[in-house]
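These figures come from a predicted structure and were not determined experimentally.
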Amino acid sequence: MRIVIIGSGAVAEAFADALKGNITGIVARNAERGKLLAEMCGCEWNADRLPEADLYIISVSDRAIGEVSEQFVFPADAVVAHTAGCPTLDALSSRITHRAVLYPMQTFTRGRRVDFGQIPLFVEGATPHALATVRSIAEGLSQKVEQADSAKRSRLHLGATWVCNFVNMMFVAGSDAAATPLTTYEALIKECVAKALALDPHNTQTGVAIRGDKEMQQRHAEMLRQSHPQYEELYKLLSKTIWETLRKI
C-alpha cells in the first residue's frame with residue numbers, strides 16, 4: 001500500500017518510522033523536518049505537492065486538520081485519515097469520501113522511538129473502504145486495535161490527558177518541590193504505577209491526604225509557599241480531592 005504522511009511533528013515521525021517500507025512521500029511545510037522524515041523513509045519531501053497514494057495520513061495539530069485537508073485535492077478512491085483523539089471524522093474536508101481516523105493512544109517525542117506493537121490503535125471510517133484500510137494498517141502495526149467512534153475516542157483522549165499529561169506535570173512539581181532529579185523517585189514511581197495497574201488505583205491510594213493528616217499537609221503547604229508558591233493551591237486541591245473521593249467511609 002502506498003502511504004503519504006502529511007505533517008512532520010512527533011506523531012508524524014512515529015508513523016513514518018513504523019511504516020517506512022510503505023511511505024512514498026512526506027508532505028510538510030517545515031522543510032528541515034520534512035526532509036529528515038523523507039530521508040528516514042527513503043522517499044521524497046514536498047512542501048505542497050501531493051504524491052499519488054492509497055492512504056494519506058494527516059498528522060498535524062488538531063486545529064490544523066480541517067485546513068490541511070481542504071488544501072489538497074485527494075484522489076477520489078484514496079483514504080484520508082487523521083491521527084487525533086478528539087476531532088471527529090468531520091474534522092476532515094467534506095470533499096473527501098473515504099475519511100478515516102487512525103488514533104494511537106500514546107505520548108510521542110521527536111527522536112524517541114516507540115514500540116507500536118503495544119500501542120492501542122483506535123480506528124474509524126466514514127465508508128467500509130476507509131475503515132478496512134485503516135484497520136489493515138493498524139493491525140499490521142499493533143496487537144491492540146479497536147474500532148471507536150468519535151464519542152468514545154473523545155472520552156479516551158480525556159482519560160489520556162489525566163493519566164499522561166497531568167501525571168507528567170506531577171513529576172515536574174515533585175522534582176521541583178524536592179529540588180532533586182526525578183530519578184530519585186524511580187522505584188517509587190514504578191511501584192505506584194505497577195500497583196495501580198494490578199489492583200485498580202481506587203484501591204491503592206496512600207499518603208497524608210488519604211489519612212487526613214492535616215498537620216503534615218499544612219507543613220507541606222508552607223514549604224511550597226516558600227519555595228514554589230505556584231504549586232500550593234494545586235497541592236491543597238489534590239489533597240482535598242483525594243480525601244473526598246477515595247477515603248474509606
Side-chain angles (χ1 to χ4, degrees), residues 7-18 30 32-33 36-37 40 59 61-62 83-86 103-121 141-144 156-247:
S8 61
V11 180
E13 179 182 307
F15 272 111
D17 183 51
N30 185 317
E32 181 181 356
R33 288 285 304 166
L36 180 66
L37 299 193
M40 175 196 300
S59 190
S61 68
D62 293 4
T83 60
C86 271
Y103 168 52
M105 196 167 66
Q106 182 56 283
T107 174
F108 297 95
T109 300
R110 292 177 182 180
R112 183 176 176 85
R113 300 190 72 180
V114 295
D115 177 10
F116 258 94
Q118 298 303 314
I119 297 175
L121 293 176
L141 291 174
S142 174
Q143 303 171 31
K144 303 174 181 179
L156 290 168
H157 190 266
L158 172 60
T161 299
W162 281 96
V163 304
C164 179
N165 306 131
F166 289 175
V167 167
N168 189 76
M169 185 61 229
M170 295 303 100
F171 292 158
V172 172
S175 179
D176 286 351
T180 189
L182 188 65
T183 49
T184 303
Y185 299 106
E186 182 174 357
L188 180 62
I189 291 169
K190 287 181 176 178
E191 176 60 11
C192 178
V193 173
K195 268 199 312 186
L197 291 173
L199 303 175
D200 187 306
H202 294 83
N203 302 318
T204 59
Q205 188 72 48
T206 61
V208 297
I210 195 71
R211 295 197 300 269
D213 188 337
K214 298 295 185 181
E215 182 179 349
M216 184 59 69
Q217 289 177 53
Q218 185 59 37
R219 287 182 59 188
H220 285 170
E222 289 173 359
M223 292 167 66
L224 288 171
R225 193 175 308 130
Q226 294 172 16
S227 62
H228 295 85
Q230 71 271 31
Y231 297 143
E232 183 185 356
E233 289 306 312
L234 179 60
Y235 176 91
K236 291 178 178 178
L237 178 60
L238 287 170
S239 296
K240 180 175 183 288
T241 302
I242 288 170
W243 175 254
E244 293 178 350
T245 305
L246 298 176
R247 66 189 171 103

Does the Ser175 side chain pair with the main chain of Thr180, one donor and one acceptor, at a distance under 3.5 Å? yes

What one should report as the nearest heavy-atom pair of Lys195 and Thr204 is O-CG2, 3.7 Å

Ala178 and Tyr185 have their tightest heavy-atom pair at CB-OH, 3.1 Å

Notebook entry, point to check: Taking 4.0 angstrom as the limit, do Arg225 and Glu232 come out as a salt bridge?
Noted result: yes

Trp243 and Arg211 have their tightest heavy-atom pair at CZ3-C, 4.1 Å

Going by an N to O cut-off under 4.0 Å, is there a salt bridge joining Lys190 and Glu186?
-> yes

For Asn203, the side chain to side chain donor-acceptor pair (under 3.5 Å) test, sequence neighbours excluded, returns none

Note to self: Taking atom CD as the centre, does Gln118 end up with more than 12 heavy-atom neighbours from other residues, nucleotides or ligands that are less than 6.0 angstrom away?
What the structure shows: yes

Take atom CE of Met105 as the centre, draw a 6.0 Å sphere, and report whether it contains more than 12 heavy atoms from other residues, nucleotides or ligands. yes

Output for pair (Met169 CE, Cys164 SG), nearest 0.5 Å, gives 13.5 Å

Review point. Between the side chain of Ser239 and the main-chain N/O of Ala209, is any donor-acceptor distance below 3.5 Å?
Key: no

Does Gln217 reach the main-chain N or O of Lys236 with its side chain, forming a donor-acceptor pair under 3.5 Å? no

Exercise for the section: Decide yes or no on side chain to side chain contact (heavy atoms under 4.5 Å, CB included) for Leu238 and Met170, but give the supporting numbers first. Expected result: CA-CA 11 Å; Leu238 287 170; Met170 295 303 100; 3.6 Å; yes

(message) Run the side chain to side chain contact (heavy atoms under 4.5 Å, CB included) test on Ile119 and Lys144 for me, step by step, so that the C-alpha distance in whole Å, both residues' side-chain angles and the decisive distance to 0.1 Å come before the verdict.
(response) CA-CA 7 Å; Ile119 297 175; Lys144 303 174 181 179; over 6 Å; no

d(Tyr231 OH, Leu234 CG) to nearest 0.5 Å is 9.0 Å

Aromatic ring pairing Phe166/Trp162, orientation class (parallel under 30°, perpendicular over 60°, tilted between)
perpendicular

Output for pair (Leu224 CG, Gln230 CD), nearest 0.5 Å, gives 8.5 Å

Between Arg33 and Asn30 the two heavy atoms that sit nearest each other are N-OD1, 2.9 Å

Taken to the nearest 0.5 Å, the spacing of Thr83 OG1 from Tyr103 OH works out to 10.0 Å

In terms of heavy-atom contacts, Leu121 and Ser142 come closest through CD1-CB, 3.7 Å

- Atom CZ of Arg110: over 12 foreign heavy atoms under 6.0 Å: yes

The reported gap from CD1 in Ile189 to OG1 in Thr184 (rounded to nearest 0.5 angstrom) is 9.5 Å

Between Pro201 and Ala196 the two heavy atoms that sit nearest each other are CD-O, 3.4 Å

So OG1 of Thr109 and CD of Glu13: to nearest 0.5 Å the spacing works out to 9.5 Å

